2 protein chains.
Amino acid sequence: MTSTEKANAEKSSLRPTRQRLAVMEAMASFGDFRSAQDIHELLGERGEQVGLATVYRTLQRLADAGEVDVLRTEDGEAIYRRCSDSHHHHLVCRSCGATVEVEGPTVERWTSSIAAEHGYADVSHALEIFGTCPRCR
Amino acid sequence: MTSTEKANAEKSSLRPTRQRLAVMEAMASFGDFRSAQDIHELLGERGEQVGLATVYRTLQRLADAGEVDVLRTEDGEAIYRRCSDSHHHHLVCRSCGATVEVEGPTVERWTSSIAAEHGYADVSHALEIFGTCPRCR
DNA sequence: GTCGGAGTTGACAATCATTCTCACTTCATC
DNA sequence: GATGAAGTGAGAATGATTGTCAACTCCGAC
């Protein structure tokens, strides 16, 4: 883990416990979306025993702090991924899960104007793009 | 129920049983997203006893046939709504669930160009806009 | 009209992700 | 080293959803 990560952990007033560090390190080690169960299993394989409940709690904290993205698969399972701070969307490969973060003022503008048009306030939006990546074709 | 609905039921090679008709009629009677449990309860209140499993099965069939939209709430619950045939997105009220179907070539173009830029093929996308509707403010 | 079989249903059990509980541990501070 | 707050883990609890299976319904063939 980098010093930045440790600083982040402290900033969010979370004790940098062995378990939390392990989860953050695991998140840093892959680039695509994984379920809490996957991460728990991955930690077990690495010899870092962390309770499942703790994995869930940690991921929730990280998600609240905006340090990870949460998505729902089609069958309702929550999947997590480390992400950059700024607002962005995901282009996800349907077959291998490879993810690209994308952003663009176009959508942002479009959603807010549509919302305004219908009188909706406090607007947020969720956009995911699915496709088959170059390597899986 | 309209004759069109009956025709659809037949078209999709589903027997138009009392239970299926009841679910479809219920879907027709509200415009926002409801969970399977809600629909089951609603049917009970109307005196149309339909088993919960049957409600789930029916909604799944309808969703497969593209006759209803399925969304996931933030806590992973599936919610269903009757929808028009054409591709569109939803502007959903965070507080009361009121939904507006919106569409626009802007997003469609943007997503496909982004995907193309990264070499992704067979692109689809999911976009939901959340906000507070005029009546809930 | 009635027979038979495929499709459908409902009650209930089973599954599975997630959350809750609570006794126990760890850490910082005094 | 005592204290208390934060954190943890094992297992129970929850709750949406799906599976099971015997009973029921529909519908065409006779």
Side-chain angles (χ1 to χ4, degrees), chain A residues 6 8-27 33-65 67-81, chain B residues 6-27 33-65 67-81 97:
Chain A
K6 196 164 283 172
N8 280 341
E10 281 157 7
K11 187 179 60 190
S12 43
S13 79
L14 296 180
R15 274 195 210 153
T17 62
R18 176 183 68 77
Q19 290 86 341
R20 284 184 186 150
L21 297 180
V23 170
M24 293 203 275
E25 195 163 6
M27 298 294 289
F33 285 91
R34 301 292 174 90
S35 71
Q37 315 261 353
D38 285 347
I39 294 166
H40 174 243
E41 199 173 330
L42 184 65
L43 287 171
E45 280 166 14
R46 292 192 186 177
E48 288 276 8
Q49 292 299 334
V50 178
L52 183 56
T54 303
V55 173
Y56 274 105
R57 277 186 292 242
T58 305
L59 289 172
Q60 236 162 5
R61 295 286 198 104
L62 291 173
D64 286 348
E67 288 179 42
V68 302
D69 283 335
V70 193
L71 246 64
R72 292 270 170 188
T73 62
E74 294 208 346
D75 52 327
E77 196 184 19
I79 49 177
Y80 304 83
R81 174 178 188 263
Chain B
K6 197 163 283 172
N8 279 341
E10 280 156 10
K11 187 181 59 192
S12 43
S13 78
L14 295 180
R15 275 196 208 151
T17 62
R18 177 183 68 76
Q19 291 85 342
R20 283 186 186 148
L21 297 180
V23 170
M24 293 202 275
E25 196 165 5
M27 298 295 288
F33 284 92
R34 301 291 173 91
S35 71
Q37 313 262 353
D38 286 346
I39 294 166
H40 173 244
E41 200 174 328
L42 185 64
L43 288 170
E45 283 167 12
R46 292 192 185 176
E48 288 276 10
Q49 292 298 335
V50 179
L52 183 56
T54 303
V55 173
Y56 274 105
R57 279 186 292 240
T58 304
L59 289 172
Q60 235 162 6
R61 295 286 197 104
L62 291 173
D64 286 349
E67 290 180 39
V68 301
D69 284 334
V70 193
L71 245 66
R72 291 272 169 187
T73 63
E74 294 207 344
D75 52 328
E77 195 185 18
I79 49 178
Y80 304 83
R81 175 179 190 263

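Just so you know, these numbers use all the heavy atoms, side chains as well, and skip hydrogens, waters and symmetry mates. Fair warning: this is a prediction, and the values are worked out from it, not measured in the lab. To find a chain, count down the sequence lines: A is the first, B the second, and so on, and within it residues start at 1.
Distance A:Arg20 CZ to D:dA6 C1': 8 Å, rounded to the nearest Å. Taking atom CZ of residue B:Arg72 and atom P of nucleotide D:dT17, one finds them 6 Å apart after rounding to whole Å. In this structure, the CD atom of B:Glu77 is 11 Å from the C1' atom of D:dT17, given to the nearest Å. If you take NE2 of A:His40 and P of C:dC16, they are 17 Å apart, rounded to a whole angstrom. Here D:dG19 presents its C1' atom at 16 Å from CG of A:Asp75, a figure rounded to the nearest Å. Straight-line distance from the CD atom of A:Glu48 to the C1' atom of D:dG9: 15 Å, rounded to whole Å. If you take CD of A:Gln19 and P of D:dA10, they are 10 Å apart, rounded to a whole angstrom. Across the protein-nucleic acid pair, A:Leu52 atom CG and D:dA12 atom P stand 14 Å apart, rounded to whole Å.
With rounding to the nearest 0.5 Å, the separation of CZ in A:Arg20 from CG in A:Leu62 is 8.5 Å. With values rounded to the nearest 0.5 angstrom, A:Gln37 atom CD is found 13.0 Å from A:Leu42 atom CG.
Residue B:Thr54 places no side-chain N or O under 4.0 Å from the OP1 or OP2 atom of C:dT9. Contact annotation: A:Tyr56 side-chain N/O to C:dT18 OP1/OP2 distance is under 4.0 Å. Note on A:Thr17: a side-chain N or O is less than 4.0 Å away from OP1 or OP2 of D:dT8. One finds a side-chain N or O of B:Gln60 lying less than 4.0 angstrom from the OP1 or OP2 phosphate oxygen of D:dT18.
Closest to the side chain of A:Ala36, out of D:dG9, C:dT18, C:dG10, is C:dT18.
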For this session: For B:Met27 and B:Arg34, run side-chain contact (heavy atoms from CB on, under 4.5 Å): C-alpha distance rounded to whole Å, both residues' side-chain angles, the deciding distance at 0.1 Å, then the answer.
Result: CA-CA 9 Å; B:Met27 298 295 288; B:Arg34 301 291 173 91; over 6 Å; no
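Residues A:Ala78 and B:Arg18 each lie close to DNA chain C; by heavy-atom proximity, the contact nearer the 5' end of the strand is made by B:Arg18. Two residues, A:Ala53 and B:Ala53, neighbour DNA chain D, and the one matched to the more 5' nucleotide by heavy-atom proximity is A:Ala53.
Between the side chain of A:Arg57 and the base of D:dG9 there is at least one donor-acceptor pair of N/O atoms closer than 3.5 Å.
With no hydrogens or angles considered, no side-chain donor-acceptor pair links A:Arg61 and A:Thr58 at under 3.5 Å.
Checking side-chain atoms of B:His40 against main-chain N and O of B:Gly51 turns up no donor-acceptor pair under 3.5 Å.
Using a 4.0 Å heavy-atom distance criterion, A:Gln37 is classed as a base contact.
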